[in-house]
Amino acid sequence: MALDTITTPGGDEFRLGCLPPPSFPTGHACFADAFRAEMLTLDQVRAALAPFNGRSLYGRRERFAGERYIRNQRHFGSCNGFAVAGRLSVMRELRGEPYVCLSGADAYSQMNGGADNGSVLSDAMKIVEANGIAPEDMVPWDRIYTHQISAEAKAARARFKGFKTYALDSEEELATAVALGRVCVIAVHADGGYGREDGNGVSLMGNGVGNHSVGADDIRLLPDGTLAYDNPNSWGTAWASGGRTWLTFNRHLRETVKFHRFFALVSTTDDPTDGSVPTPVKE
Amino acid sequence: MTRFLLAPALALCCAGLFAAPPKLDVPAEVVPVQGYARMAPKGDAVSVVYVALDGHKLYPFPSDELKDGRRFVLPTSGVKAGRYRYAAVGASKTGEQAVVEFAVVVGDAPPDVAPDPKPKPDPAPVRAEKVFVVVVEDAGAARTLETARALNDPYWAALKGKHDYRHYLSDARPALDNGYVKEAQAVGYPAVLVLDQKDGAVLRRFKLDGVAGVKKAVEEVAK
């Protein structure tokens with residue numbers, strides 16, 4: 001199956017590999033069910049953001065900038081792999097683990113069924129907790145098939161896992177998750193307007209069934225009271241604003257959320273072999 | 001003639017005004033022998049009076065009953081073991097006084113410990129070279145916006161330069177295995193533990209109430 005492609009103003013061509021599943025995936029724990037007591041209304045989120053005068057809640061665009069954090073999937077349909085690997089890498093660092101650039105290609109290899117025909121968002125939710133993702137220095141961007149990945153890299157996956165993922169099916173859940181500091185994987189429908197932005201830095205892309213998997217890791221309040229979500233993409237730092245753009249639920253996500261299982265990554269496991277192992281409490 | 005008589009008189013008066021106190025030599029301790037503590041002070045005091053200190057009522061034998069009123073005689077038969085302190089107050093012919101303290105030691109009383117005139121300040125607490133700050137959130141409870149903001153404060157990234165940190169949920173395996181959850185339960189969630197990285201000693205333990213509290217704790221216990 002040929003994936004759609006998109007060519008950026010800079011001339012880079014990317015394959016849009018986030019596939020809507022045949023039916024809406026079920027069987028996942030939802031954020032609202034798991035964190036019912038945490039759920040915020042959109043007005044509560046707006047109220048929390050109001051004092052920030054349009055600035056984001058956590059400054060993640062500034063903190064997670066540059067090629068270290070903004071990934072580049074290049075010409076494979078591996079967006080889903082890069083979205084989840086990028087979020088896992090960032091969540092680990094937020095928790096205090098040393099930063100490790102985790103492989104989008106390795107994550108994709110676990111979801112693509114042996115062909116470069118894209119993958120499904122809900123599979124990313126499964127593999128990040130069940131299997132983990134190997135470091136990129138073990139699995140570079142172009143090793144997207146299982147047979148290309150070493151046994152050592154496959155064994156290394158267990159050191160880098162998500163801990164607790166929850167599905168997000170509404171703007172309330174997405175806004176709550178991001179406002180409470182979680183990082184999320186979502187689907188957008190990339191079109192010719194994706195990399196172009198309005199005066200508020202919001203993407204000019206439209207809605208659709210969704211064809212591209214990306215991250216959402218921060219939130220801000222636009223002048224008209226709309227919530228905007230910071231979207232780190234995996235098309236390199238030359239795209240849009242340093243590789244990021246702003247999205248709004250109504251303009252970009254209200255349709256894609258119906259076809260793809262967005263999810264929040266709440267925490268990660270520790271890597272017991274890194275140089276930063278916490279000390280047990282002295283007896 | 002008068003002039004010559006006046007000078008010695010004046011000298012005597014002046015001597016009275018500027019006379020030195022008597023010499024009074026008294027041993028620091030007097031130990032009773034065969035039921036009596038006896039002591040004869042040395043020096044040129046013409047009279048010596050003994051005053052019981054510390055409120056005890058073990059009074060010496062009246063000095064005017066003694067051949068030498070300057071002597072100290074104390075019957076100690078039946079007296080409870082202890083240190084009984086006295087002040088010997090000696091007077092000179094011209095009325096100047098000297099005071100010397102001493103003790104009668106009855107039985108196996110421990111020696112007096114003289115109060116340190118300049119008490120040494122407590123030694124500065126030893127600070128940890130490197131601390132590990134652990135935060136444990138209750139896995140079953142709601143995270144608040146305040147907690148989220150505290151845990152995402154830029155302080156944590158800055159802490160990494162010299163120290164280290166980790167954020168856990170209470171059902172995370174390392175949090176359970178390393179004893180963090182047990183410590184956290186003592187103060188309530190979300191809990192902050194500041195550990196000495198060298199040996200895991202818990203230097204501070206408190207409930208998270210903003211990142212300022214974490215900064216303060218680290219500054220107090222770490223180099």
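Just so we're on the same page: letters track the sequence lines, and every chain starts at 1.
Among the candidates B:R149, B:H167, B:R166, the residue making the largest number of heavy-atom pairs closer than 4.5 Å to chain A is B:R166. Between chain A and the options B:L145, B:V135, B:N178, B:L193, the largest number of non-hydrogen pairs under 4.5 Å is found for B:N178. Most heavy-atom pairs under 4.5 Å with chain A, from the set B:L169, B:D196, B:T147, B:V202: that is B:L169. Of all the listed residues (A:L40, A:T268, A:V281), the one sharing the greatest number of non-hydrogen pairs under 4.5 Å with chain B is A:V281.
A:Y99 and A:Y69 have their aromatic ring centers within a separation under 6.0 angstrom. Ring centroids of B:Y50 and B:Y86 are separated by 6.0 Å or more, keeping the two rings apart.
With a 4.5 Å cut-off on side-chain heavy atoms, B:L195 and B:V134 count as touching. Counting only heavy atoms from C-beta outward, the side chains of A:T248 and A:L222 approach each other to under 4.5 Å. Side-chain contact check for A:F262 versus A:L121: some heavy-atom pair is nearer than 4.5 Å. Contact of the A:L227 side chain with the A:F249 side chain is not registered, since no non-hydrogen atoms from C-beta on lie closer than 4.5 Å.
For chain A, no part of B:D177 is nearby; none of its heavy atoms comes within less than 4.5 Å. Interface residue B:F132: only side-chain heavy atoms are found under 4.5 Å from chain A. Contacts of B:T144 with chain A are made by backbone atoms alone, with heavy-atom separations under 4.5 Å and no side-chain atom involved. Neither the backbone nor the side chain of B:R173 comes within contact range of chain A, judged by heavy atoms closer than 4.5 Å. In this structure, chain A has a heavy atom under 4.5 Å from the side chain of B:D164, while its backbone stays farther away.
Ring geometry, B:Y180 versus B:Y168: the interplanar angle falls from 30° to 60°, so the pair is classed tilted.
The backbone N or O of B:Q197 sits less than 3.5 Å from a side-chain atom of A:T279, completing a donor-acceptor pair.
Within residues 89-97 of chain A, the residues that have a heavy atom under 4.5 Å from a heavy atom of chain B are A:E93, A:L94, A:R95, A:G96, A:E97, listed by number.
The neighbour count for A:R63 CZ, taken as heavy atoms of other residues, nucleotides or ligands under 6.0 Å away, is above 12.
Not counting sequence neighbours, B:F206 has no partner by the ring pair (Phe, Tyr, Trp, His ring centres under 6.0 Å) test.
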